[in-house]
A.B. asks: 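One structure, pasted below without further comment.
These figures come from a predicted structure and were not determined experimentally.
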Amino acid sequence: MSLLERYRLWYEYEKDCNDKMLTMLESVPPAHRNDVRFQQAVTIAGHLAACRENWLNFMTGDSDNTVAWFDKTCELATLRSRFAALEHNWTEYLTNLTEYRLAQDFSFREEGQVFSLPTEVQIVQLFGHASYHRGQVAVLVDQLGGETVDTDYVYWAVPESR
C-alpha cells in the first residue's frame, strides 16, 4: 500500500472517530449541558472541524477563506452537518491527491505572513492532532456523565480484536 493509499485509509478511520466523538457529545445528559466543560468539549470538536476546514483551504491555495481556529460559542447542533461537509471535501481532496503533490510544499498566508509546509507533513499532523483533541473530548464527556466510545485504531482496523 502506498503512503497516499494509507493516508486515505486513515482518513476513513478518522471519519468514524468523528462520528463517535459527536455521539459522545450528544450523550451528555441535558442537565449537564450548561456546565462549562460541555462548552469546552463542543469548542474542541469545533476546533477539529476548523482545523480540517482551514488546512484544506490552505493546501488548495485559498488562504483567504478561513474560520476561527477556536469558536467558544460553537454549538453542538451545527457540528454533524459541518463534519459531513468537511469530510466530503477532504475525501475528494485525498482521492484526487497525487504522490507528486503529496511530496510538494504548499504555501499559505495567515495574519499577513506567508508560510510553507510539506503537504505530507501537514496531513500527518492533522491525524495526530485529531487524536489528541478527541481524547480531551472523551475525558470531558466522561466527567459530564456522558457515554464514551473507544476510538482506538486497532478496534476499527481489526474489529474482531475486541
Side-chain angles (χ1 to χ4, degrees), residues 1 3-60 62 65-95 97 108 110-111 117 119-162:
M1 177 181 297
L3 278 175
L4 190 49
E5 290 167 334
R6 184 154 320 274
Y7 297 149
R8 290 173 182 145
L9 176 69
W10 287 357
Y11 194 62
E12 291 304 311
Y13 159 66
E14 184 172 320
K15 291 191 298 188
D16 182 67
C17 290
N18 291 339
D19 178 62
K20 289 175 179 170
M21 176 187 64
L22 294 173
T23 298
M24 285 189 264
L25 286 167
E26 292 163 349
S27 78
V28 171
H32 295 147
R33 292 188 181 190
N34 288 328
D35 188 303
V36 69
R37 292 171 296 178
F38 181 71
Q39 184 58 53
Q40 182 181 7
V42 171
T43 297
I44 292 168
H47 171 65
L48 288 176
C51 289
R52 280 289 180 176
E53 292 162 342
N54 287 343
W55 284 109
L56 184 59
N57 285 338
F58 291 157
M59 295 165 80
T60 59
D62 185 8
N65 190 24
T66 59
V67 296
W69 293 104
F70 283 95
D71 176 3
K72 294 184 186 222
T73 62
C74 184
E75 295 180 15
L76 177 60
T78 66
L79 290 178
R80 282 234 177 246
S81 61
R82 188 172 175 189
F83 272 93
L86 74 88
E87 288 171 353
H88 170 80
N89 294 338
W90 265 95
T91 299
E92 185 175 300
Y93 173 77
L94 290 171
T95 297
L97 187 62
F108 62 98
E110 186 173 45
E111 297 180 11
L117 286 172
T119 299
E120 184 175 1
V121 167
Q122 188 54 44
I123 287 174
V124 172
Q125 161 62 21
L126 286 166
F127 288 120
H129 186 77
S131 293
Y132 169 77
H133 284 307
R134 277 193 308 273
Q136 291 177 312
V137 169
V139 167
L140 291 165
V141 165
D142 185 59
Q143 291 173 353
L144 293 164
E147 296 294 321
T148 59
V149 180
D150 197 327
T151 59
D152 282 345
Y153 179 76
V154 69
Y155 299 132
W156 179 83
V158 187
E160 61 272 11
S161 66
R162 281 195 172 259

A.B. asks: Between Tyr13 and Ala157 (side chain of the first, backbone of the second, donor and acceptor by atom type, cut-off under 3.5 Å), is there such a pair?
C.D. replies: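 Checked: no pair found.
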A.B. asks: Taking all heavy atoms of Leu97 and all of Arg8, pick out the closest pair and write down the distance.
C.D. replies: O-NH2, 3.0 Å
A.B. asks: Test of understanding: with side chain to side chain contact (heavy atoms under 4.5 Å, CB included), list the residues that count as partners of Asn65, not counting sequence neighbours.
C.D. replies: Asn57, Asp62
A.B. asks: Ignoring hydrogens and geometry, is there a side-chain-to-backbone donor-acceptor pair from Arg6 to Met1 under 3.5 Å?
C.D. replies: no
A.B. asks: Does Tyr153 have more than 12 heavy atoms from other residues, nucleotides or ligands lying within 6.0 Å of its OH?
C.D. replies: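 Atom OH in Tyr153 is packed in, count exceeds 12.
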A.B. asks: If we only count heavy atoms from C-beta on, is the Glu14 to Asn18 side-chain gap below 4.5 Å?
C.D. replies: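 Glu14 vs Asn18: side chains touch.
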A.B. asks: Quick one: does Asp150's side chain have a donor or acceptor within less than 3.5 Å of a partner on Asp152's backbone?
C.D. replies: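 Indeed, once roles are kept as given, a pair shorter than 3.5 Å links the two residues.
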A.B. asks: Would you say the side-chain atoms of His133 pair up with the backbone N or O of Ile44, donor to acceptor, closer than 3.5 Å?
C.D. replies: no
A.B. asks: Distance from Leu4 atom CG to Leu9 atom CG, nearest 0.5 Å?
C.D. replies: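 One finds 11.5 Å between CG of Leu4 and CG of Leu9.
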A.B. asks: Is there side-chain contact between Gln136 and Gln40, with heavy atoms separated by less than 4.5 Å?
C.D. replies: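 No, side chains not in contact.
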A.B. asks: For Glu12, enumerate each residue passing the side chain to side chain contact (heavy atoms under 4.5 Å, CB included) test, keeping only those at least two apart in sequence or located in another chain.
C.D. replies: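 If we apply the side chain to side chain contact (heavy atoms under 4.5 Å, CB included) test to Glu12, skipping adjacent residues, the hits are Lys15, Thr91, Trp156.
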A.B. asks: Do the non-hydrogen side-chain atoms of Leu140 and Gln143 ever get within less than 4.5 Å of each other?
C.D. replies: yes
A.B. asks: When rounded to the nearest 0.5 angstrom, what is the spacing between CG in Leu56 and CD in Gln122?
C.D. replies: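 Going from the CG atom of Leu56 to the CD atom of Gln122 covers 11.0 Å.
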A.B. asks: Checking Arg52 against Phe58: charged group under 6.0 Å from the ring centre and within 45 degrees of the axis?
C.D. replies: no
A.B. asks: For the side chain of Arg33 and the backbone of Val28, is there at least one donor-acceptor N/O pair under 3.5 Å apart?
C.D. replies: yes
A.B. asks: Rounded to the nearest 0.5 Å, what's the gap from CG on Leu25 to CZ on Arg80? Could you check?
C.D. replies: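 Reported to 0.5 Å precision, the distance equals 9.0 Å.
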A.B. asks: Please report the shortest heavy-atom distance between Pro29 and Gly146, naming the atom on each side.
C.D. replies: CD-N, 4.0 Å
A.B. asks: Are the aromatic ring centres of Tyr7 and Trp10 under 6.0 angstrom apart?
C.D. replies: yes
A.B. asks: Which residue is it: Leu144, Val141, Asp142? I am looking for the one with a side-chain contact (heavy atoms from CB on, under 4.5 Å) to Met24.
C.D. replies: Val141
A.B. asks: Do you know the tightest heavy-atom contact between Ala50 and Val67?
C.D. replies: CB-CG2, 3.7 Å
A.B. asks: Any chance you could measure Trp69, atom CH2, to Glu53, atom CD, to the nearest 0.5 Å?
C.D. replies: 10.0 Å
A.B. asks: Roughly how far apart are Leu126 CG and Ser131 OG, rounded to 0.5 Å?
C.D. replies: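 If I round to the nearest 0.5 Å, the distance is 11.0 Å.
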A.B. asks: Kindly list each side-chain donor-acceptor pair under 3.5 angstrom involving residues 70-77, sequence neighbours excluded, with atom names and distances?
C.D. replies:
residue : atom : partner : partner atom : Å
Asp71   : OD1  : Thr73   : N            : 2.9
Asp71   : OD1  : Thr73   : OG1          : 2.7
Asp71   : OD1  : Cys74   : N            : 3.4

A.B. asks: Answer yes or no: is there a side-chain heavy-atom contact under 4.5 Å between Asp19 and Leu22?
C.D. replies: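 The answer is no, as the side chains (C-beta and beyond) never meet within the 4.5 Å cut-off.
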A.B. asks: Taking all atoms of both residues into account, what is the closest heavy-atom pair of Gly46 and Arg82, and its distance?
C.D. replies: O-NH2, 3.7 Å
A.B. asks: So do Leu48 and Arg134 actually touch side chain to side chain, heavy atoms under 4.5 Å?
C.D. replies: yes
A.B. asks: With rounding to the nearest 0.5 Å, note down the distance linking OH in Tyr155 to CG in Asp16.
C.D. replies: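 With rounding to 0.5 Å, OH (Tyr155) is 14.5 Å from CG (Asp16).
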A.B. asks: Should Leu117 and Trp55 count as side-chain neighbours, where that means a heavy-atom distance under 4.5 Å?
C.D. replies: yes
